[in-house]
K.L.:
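Before we start, here is the structure in question, set down as structure tokens.
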Amino acid sequence: MPELPEVETVRRTLGALVAGRRIIRVDVLEARLRIRVARDFASFLSGRTIVDVQRRGKYLLLILDEKRVWVTHLGMSGKLIYVNAERRREAHDHICAVLENGFELRYHDPRRFGLAAAMPLGKLPSWPPLRGLGPDPLDADFAVGGLYQRARKSQRKIRDLLLDQKVVAGLGNIYSNELLFYAGIRPTVRAYKLSRQRVDKIAAIAPRLLREAIDWGGTSFSDYRDGQDRQGEFQARLSVYGREGEPCRRCEHAIKRVALGNRSAFYCPSCQS
DNA sequence: CGGTGGACCTGCTGGC
DNA sequence: TGCCAGCAGGTCCACC
């Protein structure tokens, strides 16, 4: 579900609402996420004030005082929302952080593929899930040429390479497919077969596509919501993802779907080669 | 090391 | 109406 634009939208909508708020209590209602929520998670966060909300790839970082951090990943179906504490808690609300102003931060995740962890800020860089993340396309120092250096040595299909968070942090199946449409490249092409020019085109388009998706509040297929539980709008502007059989917006040919591994890839047979 | 395929979960949809 | 197969935005691990 949530790829870079969705996580960034949550970061922005949440940041403005929770910065400066103190967590007075944390209720962990279900600890069995992708990584089991640690026993001391609640006590480690209780009493802390949220200073800032940041993002690394698809990971959200709630920076707290006392140099502590609450890290979360939304997996496929996760939401992190800021709601009035009066609102009834729902099934799959796994973590509720009660704030001093009568609101709560709720982590909700039906499939439980996400994670929640807390640690001293200093431990974050060496924490395995974050260590080794590739460059983030929205970072100021994102280098267009870096992708080609990886691609030229890889036997993998280009769609699969783009999904690898060690290569580029933040792309998932929606935006990898969209990116390849705009670059005019079929998802099934082996990475090493692509010219420098074609790979550079993918890398150059990535920040533009992701920023545009953020401008529309991300893509809501089903579960995804921003920090205030609102849907995104970018699903109406997708070019290929989820559009099997529908006409290409550029040339009218029917969009095709192929299974690559366990996941679908979408492309226009006429615009992409 | 690089690459692939299955496992982990729940919920929804479409076909019979 | 009911049941079951297939599919879903992600990541990790065992295996070759």
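The sequence lines fix the lettering, A, B, ..., with proteins before strands; numbering per chain opens at 1.
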K.L.:
Tell me: CZ of Phe266(A) to P of dC7(C), nearest whole Å?
P.N.:
11 Å
K.L.:
Give a yes/no on whether any side-chain N or O of Lys58(A) is located under 4.0 angstrom from OP1 or OP2 of dT11(C).
P.N.:
yes
K.L.:
Any side-chain N or O of Arg112(A) less than 4.0 Å from the OP1 or OP2 oxygen of dT10(B)?
P.N.:
yes
K.L.:
For dC3(C) versus dC9(B), give the span between their P atoms, rounded off to a whole number of Å.
P.N.:
24 Å
K.L.:
Closer than 4.0 Å, any side-chain N/O of Gln165(A) to the OP1 or OP2 of dG10(C)?
P.N.:
no
K.L.:
Tell me: CG of Leu33(A) to P of dT10(B), nearest whole Å?
P.N.:
12 Å
K.L.:
Enumerate donor-acceptor pairs with a distance under 3.5 Å from any side-chain N or O in residues 110-124 of chain A to protein atoms, sequence neighbours excluded.
P.N.:
{"unit_1": "Arg112(A)", "atom_1": "NH1", "unit_2": "Arg32(A)", "atom_2": "O", "d": "2.9"}

K.L.:
So Asp109(A), base contact, sugar-phosphate only, or nothing? Heavy-atom distance under 4.0 Å.
P.N.:
nothing
K.L.:
Does a nitrogen or oxygen in the side chain of His92(A) sit under 4.0 Å from OP1 or OP2 of dG11(B)?
P.N.:
yes
K.L.:
Rounded off to whole Å, could you give me the CG-to-C1' distance for the Asn262(A) and dG10(C) pair?
P.N.:
12 Å
K.L.:
Both Leu161(A) and Ala91(A) contact DNA chain B. Which one's nearest nucleotide lies toward the 5' end?
P.N.:
Leu161(A)
K.L.:
Please report the distance, rounded to the nearest Å, between OH in Tyr241(A) and C1' in dA8(C).
P.N.:
6 Å
K.L.:
Treat a base pair as Watson-Crick or G-U wobble with both distances under 3.5 Å, then lay out DNA chain B in dot-bracket form, 5' to 3', with | for cross-strand pairs.
P.N.:
.|||||||.|||||||
K.L.:
Between the side-chain atoms of Asn173(A) and the base atoms of dG10(C), is any donor-acceptor pair under 3.5 Å?
P.N.:
no
K.L.:
Between Thr9(A) and Asp226(A), does any side-chain donor sit less than 3.5 Å from a side-chain acceptor?
P.N.:
no
K.L.:
Kindly write out the residues that satisfy side chain to side chain contact (heavy atoms under 4.5 Å, CB included) with Thr49(A), not counting sequence neighbours, or none if the list is empty.
P.N.:
Arg22(A), Asp65(A)
K.L.:
Return no unless some side-chain N or O of Ser77(A) is found under 4.0 Å from OP1 or OP2 of dG11(B).
P.N.:
no
K.L.:
Whole angstrom is fine here: how far is it from CZ in Arg243(A) over to P in dC7(C)?
P.N.:
20 Å
K.L.:
Please determine whether a side-chain nitrogen of the Lys or Arg among Arg89(A) and Asp93(A) lies less than 4.0 Å from a carboxylate oxygen of the Asp or Glu.
P.N.:
no
K.L.:
Which part of the nucleic acid, if any, lies within reach of Arg263(A) when heavy atoms closer than 4.0 Å are counted: base, sugar-phosphate only, or nothing?
P.N.:
base
K.L.:
Does dG10(C) have OP1 or OP2 under 4.0 Å away from a side-chain N or O of His73(A)?
P.N.:
no
K.L.:
Please report the distance, rounded to the nearest Å, between CZ in Arg190(A) and C1' in dG2(B).
P.N.:
12 Å
K.L.:
Can the positive tip of Arg21(A) be found less than 6.0 Å from the middle of the six-membered ring of Phe103(A), inside 45° of the ring normal?
P.N.:
no
K.L.:
Determine if Phe113(A) stacks with dC8(B); use a centre-to-centre distance below 5.5 Å and an interplanar angle below 30° as the criteria.
P.N.:
yes
K.L.:
For the residue pair Asp109(A) and Tyr107(A), confirm or rule out a side-chain donor-acceptor distance under 3.5 Å.
P.N.:
yes
K.L.:
Using only modelled atom types and a 3.5 angstrom limit, is any donor from either the side chain of Arg111(A) or the base of dA8(C) paired with an acceptor on the other?
P.N.:
yes
K.L.:
Side chains of Thr72(A) and Tyr59(A): do they bring a donor and an acceptor to under 3.5 Å?
P.N.:
no
K.L.:
Which whole-number value in Å describes the distance from Leu133(A) CG to dC12(C) P?
P.N.:
9 Å
K.L.:
Restricting to non-hydrogen atoms, name the atom on Ile24(A) and the atom on Glu100(A) that form the minimum distance, rounded to 0.1 Å.
P.N.:
CG2-CB, 3.9 Å
K.L.:
Would you kindly give the CZ-to-C1' distance between Arg156(A) and dG5(B), to the nearest whole Å?
P.N.:
13 Å
K.L.:
Select from Pro110(A) and Gly261(A) the residue whose nearest nucleotide in DNA chain B is closer to the 5' end of that strand.
P.N.:
Gly261(A)
K.L.:
By the 4.0 Å heavy-atom rule, please label Ser220(A) as base, sugar-phosphate, or nothing.
P.N.:
base
K.L.:
What does Arg150(A) touch in the nucleic acid at a heavy-atom separation under 4.0 angstrom: a base, only the sugar-phosphate, or nothing?
P.N.:
nothing
K.L.:
Quick one: are Arg106(A) and Val83(A) in side-chain contact, heavy atoms under 4.5 Å?
P.N.:
yes
